[in-house]
**Student:** 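Handing you a structure now.
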Amino acid sequence: MTAETSVPSTALLAGADRDGSNYTARHLLVLEGLEAVRKRPGMYIGSTDSRGLMHCLWEIIDNSVDEALGGYCDHIEVILHDDASVEVRDNGRGIPVDVEPKTGLSGVEVVMTKLHAGGKFGGGSYAASGGLHGVGASVVNALSARLDVEVDRSGNTHAISFRRGVPGSFAADGPDATFETGGLRKVKRIAKNRTGTRVRYWADRQIFLKDAKLSLEHLHQRARQTAFLVPGLTIVVRDEYGLGEGGSKGEESFRFDGGISEFCEYLATDRPVCDVLRFTGQGTFKETVPVLDEHGQMTPTEVTRELGVDVAMRWGTGYDTTLRSFVNIIATPKGGTHVAGYEQAVAKTMNEVLRAKKMLRVAEDDIVKDDALEGLTAVVTVRLAEPQFEGQTKEVLGTSAARRIVNTVISKELKAFLTSTKRDDAAQARVVMEKAVAAARTRIAARQHKDAQRRKTALESSSLPAKLADCRSDDVERSELFIVEGDSALGTAKLARNSEFQALLPIRGKILNVQKSSVTDMLKNAECGAIIQVIGAGSGRTFDIDAARYGKIIMMTDADVDGSHIRTLLLTLFHRYMRPMVEAGRVFAAVPPLHRVELVQPKKGQDKYVYTYSDRELRDKLMEFQSKGVRYKDSIQRYKGLGEMDADQLAETTMDPRHRTLRRINLSDLDSAEQVFDLLMGNDVAPRKEFISSSAATLDRSRIDA
């Protein structure tokens with residue numbers, strides 16, 4: 001066999017057919033209708049994992065919420081059935097069931113089988129909706145093994161089913177039942193004033209990954225968020241499948257009549273320095289869009305759009321910014337033109353008023369966006385027909401006019417608040433502006449501090465803290481910094497370490513709790529300042545992980561309660577001011593042993609000393625020795641601290657990469673982690689006291705090291 005004939009045919013086409021003479025129109029594949037969705041699902045739902053599975057559910061829910069936005073629906077029910085199907089019910093107008101003249105299909109079939117078809121294309125059916133793409137329901141249909149639709153309308157219940165996008169009916173329940181093709185059918189008569197839509201679907205496991213599953217927690221969050229955004233709408237989530245904790249089932253109902261003002265209060269976790277401010281307004285803009293004319297042709301037409309702005313915001317005593325943005329009821333987690341206009345308006349207006357009131361010195365620079373937004377909780381919503389999104393996942397608004405209109409509305413309303421002559425408003429406005437000025441001055445101080453503690457060259461290394469025992473290697477990927485509890489442990493660690501790549505930094509006692517301290521107080525603290533200076537990458541928003549001097553940061557504290565407390569304080573520092581190190585998986589906790597058992601006459605190949613890391617492990621190990629007839633000395637050593645270990649013991653158990661155990665610190669759930677840090681380490685004492693009181697009964701007293 002020659003070299004050429006052993007090559008696969010596809011490679012021959014790519015390589016041997018250099019002139020392209022065999023590449024003709026018959027090689028082109030045209031995907032018809034929903035085939036394109038099944039071939040490239042990621043284009044429409046982002047991915048085929050759990051995130052994509054949840055996105056399908058959002059598409060169906062959002063169609064019902066669009067009815068609520070129009071004032072036609074006030075009750076939505078989401079049911080997670082025990083057969084892994086999902087059903088969404090609403091009491092809206094119902095999908096049209098009459099025949100659409102251009103296609104000859106019923107309205108339900110058009111919505112469910114035709115991409116870019118629906119009631120949102122300039123026909124006046126929706127003044128505001130989740131998007132203009134019109135592919136939501138049809139994409140879910142294409143990616144479902146079975147989808148059932150029931151519509152209550154015109155005194156009848158109409159029904160149709162689909163199998164992977166093909167219309168018809170099933171003979172029984174479930175996606176594996178016998179299927180016959182067909183169209184929309186009437187199944188029973190009902191009261192004429194009863195309307196609504198019910199969509200139930202089974203996700204196609206040929207498309208989605210095996211481990212893809214729905215998240216009840218995310219569903220509750222989305223339902224709560226939507227109920228905030230549409231006052232008066234009730235959303236019920238019923239879990240019959242058992243996605244709750246421990247496989248529990250249940251039902252949750254969400255309804256909020258306070259709107260986004262109530263949402264803003266719900267999101268805020270710190271104490272307020274001003275009331276919730278509610279700014280509303282609207283503007284118009286023109287855009288050219290293709291509109292279907294009476295002859296069925298798409299004609300570019302200039303239309304006038306109206307864009308409504310509704311913002312709730314309040315400043316608090318904290319330092320973090322919480323900003324949620326929405327277009328109609330669609331969350332835009334990555335922002336867009338409306339968020340850009342909002343942030344620009346807040347910073348610009350704040351600077352204008354600060355200069356007018358002479359709260360900024362002449363020599364001082366203007367405050368920047370981050371200064372104005374520090375401690376701010378805000379919900380920014382805009383409503384318009386046919387919003388332009390960047391992609392079907394709708395995470396970024398692209399309508400350019402939104403920036404100008406939001407900017408204009410917020411500038412006018414915020415300036416009125418900041419310059420108000422009413423006593424209460426004026427007092428609150430002053431506190432808000434003083435907070436922004438303080439944030440700017442702290443930022444400048446932090447930047448100066450960062451510039452001073454960038455990684456030093458060999459000639460500048462004398463500026464690093466004297467107590468740092470640095471390593472010789474300049475290889476960041478290999479180098480390790482051990483943050484050691486106490487000077488006694490430092491002496492042992494110096495003898496135990498490999499000075500080629502292991503550096504040591506001792507800290508005395510418990511560092512400052514930075515969760516309830518300002519940036520200035522943190523920088524003034526000697527221990528916190530030393531840690532930030534030694535790592536050399538700055539802190540807070542200016543943190544530059546590429547400038548970090550060490551590849552691993554390892555917290556080496558005693559295996560007792562005090563050691564755990566110190567480790568928690570250190571983690572609070574990293575979580576708040578050096579979070580990218582944690583997110584990159586470069587922060588670790590050393591795991592020193594608690595006990596050392598000395599064996600009597602160990603067998604060949606058996607270690608003379610056995611280390612255990614918990615009381616339970618010690619008990620299990622001793623029982624194992626007794627059952628195997630292994631003798632050990634009764635005087636079992638229990639380490640009270642790292643300083644009690646000999647250097648060789650510390651190296652063997654805790655520092656030597658060949659034998660040690662490290663516990664990687666990660667932030668798998670950032671929101672939950674922030675809530676826990678704020679609860680356990682924050683300013684607000686009452687929730688912490690309640691947590692301790694309620695959890696006391698569940699504590700295993702044998703775990704207390706006393």
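Scope of the values below: all heavy atoms of this structure, side chains included, with no hydrogens, waters or symmetry mates.
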**Student:** Is there side-chain contact between R616 and D620, with at least one heavy-atom pair below 4.5 Å?
**Tutor:** yes
**Student:** Taking the side chain as C-beta and beyond, is there a heavy-atom pair between I531 and Y577 under 4.5 Å?
**Tutor:** no
**Student:** Just wondering, are more than 12 heavy atoms of other shown residues or ligands nearer than 6.0 Å to OH in Y241?
**Tutor:** no
**Student:** Examine distances only and state if a side-chain atom of T557 and a backbone atom of G563 form a donor-acceptor pair shorter than 3.5 Å.
**Tutor:** yes
**Student:** Flag yes if more than 12 heavy atoms outside R478 fall under 6.0 Å of its CZ atom; otherwise flag no.
**Tutor:** yes
**Student:** Does R472, at its CZ atom, have more than 12 non-hydrogen atoms belonging to other residues, nucleotides or ligands within less than 6.0 Å?
**Tutor:** yes
**Student:** Would you say K510 has more than 12 foreign heavy atoms packed within less than 6.0 Å of its NZ?
**Tutor:** yes
**Student:** Backbone N or O of E500 within a donor-acceptor pair of the N498 side chain at under 3.5 Å?
**Tutor:** yes
**Student:** Are any of the side-chain heavy atoms of V514 and N525 separated by less than 4.5 Å?
**Tutor:** no
**Student:** Please work out which of the three classes, parallel, tilted or perpendicular, describes the rings of F263 and F228, given edges at 30° and 60°.
**Tutor:** parallel
**Student:** Quick one: is the NZ or CZ of K213 closer than 6.0 Å to the six-membered ring centre of F208, and within 45° of its axis?
**Tutor:** no
**Student:** So Y632 and F625, would you call those rings parallel, tilted or perpendicular, with 30° and 60° as cut-offs?
**Tutor:** tilted
**Student:** Counting C-beta onward and ignoring hydrogens, is there a side-chain heavy-atom pair between F588 and E480 closer than 4.5 Å?
**Tutor:** no
**Student:** Is D173 salt-bridged to R146, cutoff N-O under 4.0 Å?
**Tutor:** no
**Student:** Check whether K621 reaches the backbone of Y611 with its side chain - one donor and one acceptor, N or O, closer than 3.5 Å.
**Tutor:** no
**Student:** Given side chains that start at C-beta, do those of L650 and R497 come closer than 4.5 Å, heavy atoms only?
**Tutor:** no
**Student:** For L216, is there any backbone N or O sitting under 3.5 Å from a side-chain donor or acceptor partner on D239?
**Tutor:** no
**Student:** Sequence neighbours left out, what passes side chain to side chain donor-acceptor pair (under 3.5 Å) with D470? Give chain and number order.
**Tutor:** R549, Y550
